[in-house]
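Because the structure is predicted, anything quoted here is derived from the model rather than measured. By convention in this document, chain letters (A, B, ...) are assigned in the order of the sequence lines, proteins followed by strands, and residues within each chain are numbered from 1.
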Number of protein chains: 2
Amino acid sequence: MILSRIILGLLAIAPLSGADLKRHFDSTVNHFWSADKAQIYRTLAALVAEGLASVTVVPGTGAPDSQEHRITDAGRAALVAWLTSELDRQPERDAFIARIFLAESLDDEAVGRLLELRRSAALGQLAALEAIEASTGPARTRGEHLRLATLDHGLRHVRTELEWLDIVEEQLP
Amino acid sequence: MILSRIILGLLAIAPLSGADLKRHFDSTVNHFWSADKAQIYRTLAALVAEGLASVTVVPGTGAPDSQEHRITDAGRAALVAWLTSELDRQPERDAFIARIFLAESLDDEAVGRLLELRRSAALGQLAALEAIEASTGPARTRGEHLRLATLDHGLRHVRTELEWLDIVEEQLP
DNA sequence: CACCCCTAGTAGACTTGTCAACTAGGGGGA
DNA sequence: TCCCCCTAGTTGACAAGTCTACTAGGGGTG
């Protein structure tokens with residue numbers, strides 16, 4: 001459900017193929033959602049079956065043909081309906097924090113290793129977010145403004161994560 | 001997999017029944033994991049089948065009998081193995097941020113409503129975390145220290161969220 | 001007593017997401 | 001030419017998580 005609406009939202013910005021979408025889920029929107037390619041193609045097929053999107057085959061130049069999907073009017077309506085619907089409560093899920101919570105049988109060194117792994121993951125995210133930030137100019141349209149705000153959201157949380165790691169590591173020895 | 005290890009970790013702190021675990025997933029550990037009761041009971045059965053936990057029926061006083069699960073030696077070994085294994089990379093998933101990212105067809109008022117919903121959710125989480133914080137004394141053991149650190153993690157992120165909401169709402173009109 | 005509600009635990013169907021292997025065609029290099 | 005690799009898309013099996021409805025017993029209330 002959520003994935004289908006996110007895809008619809010991306011199609012509302014521009015027509016895309018399954019491979020294009022996969023690229024988005026691996027980069028620009030990766031900071032709030034990701035998706036397996038199998039799932040993307042199946043969702044796309046479902047959207048077409050429901051009449052929320054349409055397909056046209058675009059002959060590939062030096063690459064396989066791609067199936068460009070565009071949002072339909074019904075699709076736009078479904079998108080707005082979702083955007084304004086009740087917020088789906090989302091469960092927090094953080095396996096790393098779970099480990100720290102349960103780590104009493106580990107020695108300081110092992111906990112330190114876990115923290116270091118988390119730090120490098122966080123630094124990776126930070127770099128990815130900064131790369132996106134650098135590659136987008138200043139917000140000119142309403143849409144760009146909103147997208148920048150979500151980028152900022154990601155950056156703030158990653159920085160908070162790094163600060164927390166500093167503090168916890170300091171307390172360890 | 002992750003859920004089974006988290007349950008194992010909780011059983012390592014104290015023996016618990018399925019209902020006890022459900023209470024934990026709804027309160028103390030809710031800030032990093034939650035679980036459906038059907039899933040908890042099935043996982044518990046699997047742990048027993050694998051020999052990682054054992055059950056004893058405890059006659060209920062004024063309530064149905066409960067099945068107390070305790071971790072076995074094999075269970076402790078499996079727990080440590082998980083705690084020190086490679087970090088499972090976890091995909092970010094935030095349907096609310098997705099909406100903001102895709103909200104260009106919404107007017108400011110509708111976006112403002114979304115932000116307000118998110119704010120009240122965040123305030124609810126903040127209250128829940130502060131309630132847990134208030135109900136736990138200062139950390140005396142190693143385990144308590146680590147658990148407090150994860151609470152602090154949650155608090156910091158919730159506060160970051162509230163700050164971000166302030167800034168975005170300020171920029172809206 | 002009959003009724004209702006509460007807790008502990010169970011079961012089935014279903015949705016969502018993941019993994020791995022596969023087709024099909026183009027292009028490039030030995 | 002043969003082989004390999006790349007991209008786009010497809011499929012099946014499966015794991016994880018959710019939703020709904022259910023059994024079974026205790027206890028309190030009219």
Atom [atom1] of [X] to atom [atom2] of [N]: distance rounded to whole Å?
| X | N | atom1 | atom2 | value |
| --- | --- | --- | --- | --- |
| A/L44 | D/dT10 | CG | P | 9 Å |
| A/I40 | D/dT11 | CD1 | P | 16 Å |
| A/D65 | C/dG27 | CG | P | 12 Å |
| A/I2 | D/dG17 | CD1 | P | 15 Å |
| B/D88 | D/dA15 | CG | C1' | 14 Å |

I'd like to know if [X] and [Y] make a salt bridge, using a cut-off of under 4.0 Å between side-chain N and carboxylate O.
| X | Y | answer |
| --- | --- | --- |
| A/R119 | A/D166 | yes |
| A/R70 | A/E68 | yes |
| A/D20 | A/R23 | yes |

Does a nitrogen or oxygen in the side chain of [X] sit under 4.0 Å from OP1 or OP2 of [N]?
| X | N | result |
| --- | --- | --- |
| A/Y41 | D/dG9 | yes |
| B/R93 | C/dG17 | yes |
| A/Q39 | D/dC14 | no |
| B/Q90 | C/dG17 | no |

For the residue pair A/H157 and B/H157, categorise the inter-ring angle as parallel (less than 30°), tilted (30 to 60°) or perpendicular (more than 60°).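 The arrangement is parallel - the two ring planes meet at less than 30°.
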
Where does the angle between the aromatic ring planes of A/F101 and B/H31 fall among parallel (under 30°), tilted (30 to 60°) and perpendicular (over 60°)?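 It falls in the perpendicular class, over 60°.
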
For A/A38 and for B/H69, locate the closest nucleotide of DNA chain C by heavy-atom distance; then report the residue assigned to the nucleotide nearer the 5' terminus. B/H69

Looking at the side chain of [X], which of [options] is the nearest nucleotide?
| X | options | result |
| --- | --- | --- |
| B/K37 | D/dG17, C/dA11, C/dT10 | C/dT10 |
| B/R42 | C/dA11, C/dT7, C/dG17 | C/dA11 |
| A/S66 | D/dG9, C/dT10, D/dA16 | D/dG9 |
| A/D36 | C/dC19, D/dT7, D/dT10 | C/dC19 |

When you measure from every atom of DNA chain C, which of residues 6-28 of chain A have a heavy atom less than 4.0 Å away? none

What is the nucleic acid contact for B/R89, judged by heavy atoms within less than 4.0 Å: base, sugar-phosphate only, or nothing? sugar-phosphate

Over-ring placement of A/R93 relative to B/W33, 6.0 Å and 45° cut-offs: yes

A/D94/B/Q90 under side-chain hydrogen bond (donor to acceptor under 3.5 Å, both in side chains): CA gap, chis, key distance, verdict: CA-CA 8 Å; A/D94 192 328; B/Q90 41 195 9; 2.8 Å; yes

